[in-house]
Amino acid sequence: MRASGPATSAPSLDTVVDHLRRARAVCVLTGAGVSAESGIPTFRGGDGLWDRYDPAELASEAGFRRDPRLVWEWYAFRQRAIASARPNAAHETIAAMERHYPRFTLVTQNVDGLHQRAGNAKVVELHGSIWRTRCTRDGTVAAISEPLTSVPPMCRCGALLRPDVTWFGEPLDRTALETAMSAASGADVLLVVGTSSAVYPAAALPGLTRKAGGKVIELNLEPTPLSAIADASRFGEAGTLLPSIWSRIENPKGL
Ligand code: OAD
């Protein structure tokens with residue numbers, strides 16, 4: 001992970017609006033910060049999940065092998081929190097963006113499914129979904145509609161089921177990663193929302209956009225390692241920033 005530094009320049013909100021208005025192909029990359037205002041905790045920073053829980057214990061294959069019940073209890077706890085949360089204004093704005101742009105891809109590192117609940121149909125889930133299980137024997141994936149009440153769940157074949165998410169040390173789903181890389185490379189604008197830009201390969205996507213000549217815009221509470229290379233960074237809550245930017249695109253006469 002690179003050290004984070006302050007943004008070197010602060011292009012105006014007009015510049016951000018202008019990039020998004022001219023764009024035909026848009027890719028949005030989201031992280032845990034986009035769900036923070038729905039009450040879902042982020043991983044890093046004050047009060048982040050990794051301050052309170054050990055990722056080696058709860059988000060690794062070795063941890064799961066050691067104690068599948070403990071890992072599933074944590075996932076079932078998170079499923080309950082997510083099930084009682086609602087998409088926020090940031091999710092809703094990103095759903096409106098999908099309806100607006102002829103070429104649009106949403107790539108998320110989130111496993112919570114809140115983008116789909118807000119109305120996004122085309123979601124590339126880079127780190128999987130908390131709402132799916134995967135058989136540890138043959139890899140069969142199945143959807144879950146409710147938080148699990150009995151853990152650890154077992155497959156019909158008798159093997160343990162695991163959450164269909166990417167854990168530390170595991171490769172990302174190849175199709176999801178290739179779709180994300182192609183969308184980032186082909187984007188006129190990559191809008192990066194609520195991610196610490198600390199976890200690869202997701203954190204490498206903005207580099208692909210810039211290399212291909214597209215613009216990178218970052219929205220975050222605070223500067224991240226991406227801020228130094230983004231074409232524009234705006235700092236604040238995604239649920240406030242995104243609707244205020246988007247209202248100027250949907251309603252240009254309001255300028
Ligand atoms: P992090 O928890 O690392 O970062 C969340 C980011 O959101 C931080 O940069 C915050 O400043 C920002 N943020 C918080 N609240 C916000 C708000 N209301 N509006 C805008 N920004 C806000 O989450 P990710 O970057 O998503 O992976 O983490 C990436 C991956 O690391 C996760 O998918 C997860 C984690 O370990 C796995 O579990 C494999």
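Starting from 1, each residue takes its place in the sequence as its number. Atoms within each ligand, like the ligands themselves, are counted from 1 in listed order.
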**Student:** Show the numbers, then the answer: is there a salt bridge (charged side-chain N to carboxylate O under 4.0 Å, His left out) between Asp51 and Arg44?
**Tutor:** CA-CA 7 Å; Asp51 274 359; Arg44 296 172 184 79; over 6 Å; no
**Student:** What is the closest protein heavy atom to atom 11 (O) of ligand 1, and at what distance does it sit?
**Tutor:**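 Checking every protein heavy atom, the shortest distance to atom 11 (O) of ligand 1 gives Asn220 OD1, 2.6 Å.
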**Student:** In terms of residue, atom name and distance, what is the protein heavy atom nearest to atom 33 (O) of ligand 1?
**Tutor:**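 Protein heavy atom at minimum distance: His127 ND1, 2.7 Å.
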**Student:** In terms of atom number and element, which parts of ligand 1 are under 4.0 angstrom from non-hydrogen atoms of Glu222?
**Tutor:**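 This gives 11 (O) as the contact atoms.
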**Student:** Considering non-hydrogen atoms only, spot the tightest contact between Asp112 and Ser35 and give its length.
**Tutor:**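 Looking at all heavy atoms of both residues, the shortest contact is OD2-OG, 2.7 Å.
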**Student:** For ligand 1, which atoms sit closer than 4.0 Å to a heavy atom of Val199?
**Tutor:**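 Answer, ordered by atom number: 29 (C), 30 (C), 31 (O).
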**Student:** Testing the basics here: between Val216 and Pro206, what is the closest heavy-atom pair and its distance to 0.1 Å?
**Tutor:**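 Closest approach of Val216 to Pro206: CG2-O, 3.6 Å.
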**Student:** What's the shortest distance from atom 21 (N) of ligand 1 to any protein heavy atom, and which residue and atom give it?
**Tutor:**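 Closest protein heavy atom to atom 21 (N) of ligand 1: Leu221 N, 3.4 Å.
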**Student:** Can an N or O of Thr195 be found at a distance shorter than 3.5 Å from an N or O of ligand 1?
**Tutor:**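 N/O-N/O distance below 3.5 Å exists for this pair.
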**Student:** Hey, does Thr224 come in under 3.5 Å of ligand 1, counting only N/O atoms on both sides?
**Tutor:**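 There is no such contact.
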**Student:** Ser233 and Ala230: which non-hydrogen atoms are nearest, and at how many Å?
**Tutor:**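 Looking at all heavy atoms of both residues, the shortest contact is OG-CB, 3.8 Å.
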**Student:** Nearest protein heavy-atom contact for atom 29 (C) of ligand 1: which residue, which atom, what distance?
**Tutor:**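 Answer, as residue, atom name and distance: Gln109 OE1, 3.3 Å.
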**Student:** Just to verify, which of Asn120, Thr195, Thr108 counts as forming a side chain to side chain donor-acceptor pair (under 3.5 Å) with Thr30?
**Tutor:**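 Running side chain to side chain donor-acceptor pair (under 3.5 Å) over Asn120, Thr195, Thr108 with Thr30 returns exactly one hit, Thr108.
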**Student:** Starting from the C-alpha separation in whole Å, work towards a yes-or-no answer on salt bridge (charged side-chain N to carboxylate O under 4.0 Å, His left out) for Glu125 and Arg132.
**Tutor:** CA-CA 12 Å; Glu125 293 179 315; Arg132 291 192 301 262; 2.9 Å; yes
**Student:** Among protein heavy atoms, which lies nearest atom 31 (O) of ligand 1, and at what distance?
**Tutor:**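 The closest heavy atom on the protein side is Arg44 NH1, 3.0 Å.
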**Student:** Would Glu170 and Arg162 pass as an ion pair if we require N to O under 4.0 Å?
**Tutor:**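 Counted as a salt bridge, because a side-chain N and a carboxylate O are separated by less than 4.0 Å.
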**Student:** Could you tell me, atom by atom, which parts of ligand 1 come under 4.0 Å of a heavy atom of Ala32?
**Tutor:**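 That gives atoms 23 (O), 24 (P), 26 (O) of ligand 1.
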**Student:** Show me which atoms of ligand 1 lie under 4.0 Å from any heavy atom of Gly194.
**Tutor:**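 Near Gly194, meaning under 4.0 Å from one of its heavy atoms, ligand 1 has 5 (C), 6 (C), 7 (O), 21 (N).
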**Student:** Do the two ring centres, one from Trp246 and one from His100, sit under 6.0 Å apart?
**Tutor:**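 Yes, the ring of Trp246 comes within the 6.0 Å limit of the ring of His100, centre to centre.
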**Student:** Pairs of nitrogen or oxygen atoms closer than 3.5 Å, one from Gly31 and one from ligand 1: do any exist?
**Tutor:**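 No, there is no polar N/O contact under 3.5 Å.
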**Student:** Can you list the ligand 1 atoms lying under 4.0 Å from a non-hydrogen atom of Ala36?
**Tutor:**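 Near Ala36, the atoms of ligand 1 are 15 (N).
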**Student:** So is there a nitrogen or oxygen of Glu237 less than 3.5 Å from a nitrogen or oxygen in ligand 1?
**Tutor:**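 Glu237 vs ligand 1: no N/O contact under 3.5 Å.
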**Student:** Between ligand 1 and Trp50, is the shortest N or O to N or O distance under 3.5 Å?
**Tutor:**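 Yes.
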**Student:** To which protein heavy atom is atom 17 (C) of ligand 1 closest, and what is the distance rounded to 0.1 Å?
**Tutor:**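 For atom 17 (C) of ligand 1, the nearest protein heavy atom comes out as Gly33 O, 3.4 Å.
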**Student:** Report the relative orientation of the aromatic rings in His91 and His115; use parallel for angles under 30°, tilted for 30 to 60°, perpendicular for over 60°.
**Tutor:**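 It falls in the perpendicular class, over 60°.
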**Student:** Taking 4.0 angstrom as the limit and counting only heavy atoms of Glu37, give me the atoms of ligand 1 inside it, by number and element.
**Tutor:**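 That gives atoms 17 (C), 18 (N), 19 (N) of ligand 1.
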**Student:** Atom 19 (N) of ligand 1: which protein heavy atom is closest, and how many Å away?
**Tutor:**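 Protein heavy atom at minimum distance: Ala238 N, 2.8 Å.
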**Student:** What are the atoms of ligand 1, with element, lying closer than 4.0 Å to any heavy atom of Gly236?
**Tutor:**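 By the 4.0 Å cutoff, the relevant atoms are 19 (N), 20 (C).
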**Student:** N/O of Phe43 under 3.5 Å from N/O of ligand 1, yes or no?
**Tutor:**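 Looking only at distances, the answer is yes, because the N/O contact criterion of under 3.5 Å is met.
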**Student:** Within a radius of less than 6.0 Å around CZ of Phe77, do more than 12 heavy atoms belonging to other residues, nucleotides or ligands occur?
**Tutor:**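 No, because the 6.0 Å sphere around CZ of Phe77 holds 12 heavy atoms or fewer from other groups.
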**Student:** Ligand 1 and Trp167, any nitrogen or oxygen pair closer than 3.5 angstrom?
**Tutor:**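 No, there is no polar N/O contact under 3.5 Å.
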**Student:** What heavy-atom pair brings Leu242 and Met97 nearest, and what distance separates the two atoms?
**Tutor:**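 So the two residues come closest at CD2-SD, 4.4 Å.
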**Student:** Would you check the N or O atoms of Leu219, main chain and side chain alike, for any that come under 3.5 Å of an N or O of ligand 1?
**Tutor:**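 The answer is no, given that Leu219 and ligand 1 share no N or O pair closer than 3.5 Å.
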**Student:** Using 4.0 Å as the upper bound for N to carboxylate O, is an ion pair formed by Arg66 and Glu61?
**Tutor:**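 So Glu61 does not pair with Arg66 through a salt bridge.
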**Student:** For the residue pair Tyr101 and Phe104, categorise the inter-ring angle as parallel (less than 30°), tilted (30 to 60°) or perpendicular (more than 60°).
**Tutor:**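 Tyr101 vs Phe104 ring planes: parallel.
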**Student:** Do ligand 1 and Ser197 have nitrogen or oxygen atoms that lie under 3.5 Å from each other?
**Tutor:**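 Min N/O separation from ligand 1 is not below 3.5 Å for Ser197.
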**Student:** I need the atoms of ligand 1 closer than 4.0 Å to a non-hydrogen atom of Thr166, numbered in the order shown.
**Tutor:**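 Those atoms are 39 (C).
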